[in-house]
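Taking it in order: structure first as structure tokens, then the write-up.
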2 protein chains.
Amino acid sequence: MPDRTQTSTGPLGDDTHARILETAGHVFAETGFQAAKVRDICARAGVNLAAVNYHFGDKLGLYNEVLRYAACAAGNAAEFDPALPGGTPEAKLRGFVHGLLRHMYGEDRPAWPVRIMTHELAQPTPAFQGVVDQIIRPRHEAIRALIGAIIGRPSGDRVTRLCTQSVMGQIIVYAHGREVLKRLWPDLRFTTETLDEIADHISAFSYAALRSMSRANRASSANGAPLRTARSGKRAAR
Amino acid sequence: MPDRTQTSTGPLGDDTHARILETAGHVFAETGFQAAKVRDICARAGVNLAAVNYHFGDKLGLYNEVLRYAACAAGNAAEFDPALPGGTPEAKLRGFVHGLLRHMYGEDRPAWPVRIMTHELAQPTPAFQGVVDQIIRPRHEAIRALIGAIIGRPSGDRVTRLCTQSVMGQIIVYAHGREVLKRLWPDLRFTTETLDEIADHISAFSYAALRSMSRANRASSANGAPLRTARSGKRAAR
DNA sequence: ACATCGATCAAACACGTGTTTTAAAATTCT
DNA sequence: AGAATTTTAAAACACGTGTTTGATCGATGT
């Protein structure tokens with residue numbers, strides 16, 4: 001049981017601890033926790049088999065450490081916090097969608113954190129509850145509050161929740177439908193331009209839908225003043 | 001190598017072949033192919049361990065047979081074929097969403113086919129390609145044509161594809177986000193009424209968004225005649 | 001220079017799991 | 001009814017895989 005509090009393990013820059021962590025991220029992302037093999041990780045990382053148990057206790061300990069990083073990398077980003085003040089609700093929504101998409105699928109981002117979360121959703125490990133509570137829930141409540149503000153309903157309202165599902169579904173479908181998409185739309189490449197195009201689409205699609213559902217718009221519907229956005233944010237405090 | 005062409009294996013109604021198939025569906029749905037254990041399936045089905053290899057050759061043979069049934073059960077249903085004639089595009093979309101949701105998540109439907117597909121999406125087995133080609137692709141093209149008709153664009157158009165992603169994403173998020181949803185919205189129960197409520201929401205949400213994107217509507221925008229649906233279906237033949 | 005401690009290594013261990021085997025029971029056909 | 005075939009049963013086999021072990025190497029401090 002080594003202390004492992006960063007004892008500068010080597011004169012060379014490549015620490016085995018870090019190299020295992022890095023490689024394990026890719027391997028776990030490819031096959032999920034259960035199917036991933038410790039021997040595979042070690043071989044690819046170029047370290048000895050026993051190194052995993054030495055540095056992380058056991059396979060699950062390694063996975064937990066990988067997952068903690070992955071959860072932050074996949075869902076945590078300060079840039080697109082919808083709770084930030086300033087801007088119209090529409091701009092906030094746009095910023096959120098753009099930021100999350102770029103964060104999840106951007107070319108400059110590693111793809112493995114999202115894939116790990118995909119596996120975690122298909123078959124949660126005990127660590128999943130923590131990920132939900134610490135990473136997903138606060139973001140979910142923030143975006144729900146934003147959507148509630150747009151449609152003029154409380155954050156916990158049933159319609160608000162359904163709309164949140166609709167918006168989030170459009171985003172995560174590019175993660176979970178990945179394998180289908182590769183076969184049904186093989187030309188699609190996730191370049192920065194494409195990502196912005198997708199984000200623009202989701203934003204426009206969602207905002208148009210939300211506006212049509214907003215109480216303010218509904219009250220004054222059938223006259224179609226096209227710029228009547230929902231300005232009833234006060235009623236949407238959670 | 002038995003023939004297995006339904007040789008009425010027993011006077012009792014419960015055939016071990018059928019019982020294995022039934023149980024395997026549940027077990028594979030819970031843990032996915034790799035993590036599922038043959039011993040678990042046999043124990044739960046109340047049959048001997050060797051029965052799996054006798055009736056299905058090996059574990060993969062059993063899985064393939066289960067998957068073929070699951071793919072049909074999860075995605076195949078005549079009732080909501082959007083290619084069927086009759087009705088406005090809006091009604092067709094509504095029918096499609098309602099039918100698919102009820103088919104995937106209905107209380108009277110077994111939940112395991114959808115869960116198996118979830119695992120297959122997270123980590124495709126070799127059988128996945130066939131499922132995409134035979135089950136998913138034809139349905140996907142039909143719904144794409146319908147959406148193209150609504151927004152007045154060809155079926156293969158980029159915007160049409162993005163819109164299709166948006167609509168499908170709203171539906172499958174209830175499958176893939178299942179574990180998150182259980183924690184973030186624990187009160188949600190998939191009763192028949194709730195399912196209709198969700199389907200109504202997705203239909204309304206999507207149709208409002210699609211209408212705002214339709215070329216017909218865009219050309220006459222900013223006057224907001226609320227019933228100006230897209231009637232340019234002819235241009236959307238695939 | 002020597003002792004000490006942490007890190008690495010090759011080998012072995014323990015166990016779970018898919019599969020095979022061999023025999024017995026049940027069913028079907030003549 | 002009797003023989004042939006199909007189905008079930010228990011045990012054993014072969015192998016992959018997480019983990020442990022004891023030895024060795026290297027660095028650090030006195």
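Every heavy atom of this structure was used, including side-chain atoms; hydrogens, water molecules and symmetry mates were not. Note that this is a predicted model, so its numbers are computed, not measured. Each chain gets a letter, A, B and so on, in the order its sequence line appears, and its residues count up from 1.
D15(B) places its CG atom 17 Å from the P atom of dA26(C), with the value rounded to the nearest Å. Remark: P of dC15(D) and NZ of K37(A) are 17 Å apart, rounded to the nearest angstrom. Between Y63(A) atom OH and dT17(D) atom C1' there is a gap of 18 Å when expressed in whole angstrom units. Computed from coordinates, the L49(A) CG to dA7(C) C1' distance equals 15 Å when rounded to whole Å. Distance, K59(B) NZ to dC15(D) P: 18 Å, rounded to whole Å. In this structure, F56(B) atom CZ and dT8(D) atom P are separated by 11 Å, rounded to whole Å. To the nearest angstrom, C1' of dG22(D) lies 15 Å from CG of N53(A). Atom CG in D58(B) sits about 17 Å away from atom P in dT17(C), given to the nearest Å.
With the nearest nucleotide of DNA chain D identified for both Q34(A) and N48(B), N48(B) has the one nearer the 5' end.
In this structure, a donor-acceptor pair under 3.5 Å is present between the side chains of Q170(A) and S206(A). No donor-acceptor contact under 3.5 angstrom links the side chains of E107(A) and T191(A), judged on distance only.
Ring geometry, Y63(B) versus F28(B): the interplanar angle exceeds 60°, so the pair is classed perpendicular (tilted spans 30 to 60°). Between H17(B) and H55(B), the angle of the ring planes goes over 60°, which puts this pair in the perpendicular group of the 30/60° scheme. By the 30° and 60° cut-offs, the orientation of the rings of F190(A) relative to Y105(A) is perpendicular.
Put simply, T16(B) has a side-chain N or O that comes within less than 4.0 Å of OP1 or OP2 on dT8(D). At dT8(D), one or more side-chain N or O atoms of H55(B) fall inside 4.0 Å of OP1 or OP2 (strictly under the cut-off). Here H17(A) does not reach the OP1 or OP2 of dA7(C): none of its side-chain N or O atoms lies under 4.0 Å away.
Using a 4.0 Å heavy-atom distance criterion, A50(A) is classed as a base contact. Nucleic acid contact class of A35(A) (heavy atoms, under 4.0 Å, all strands): none.
Of the listed nucleotides (dA12(D), dG6(C), dG18(D)), dG6(C) has the atom at the smallest distance from the side chain of Y54(A).
Between the side chain of R39(B) and the base of dG16(C), no donor-acceptor pair of N or O atoms lies under 3.5 Å.
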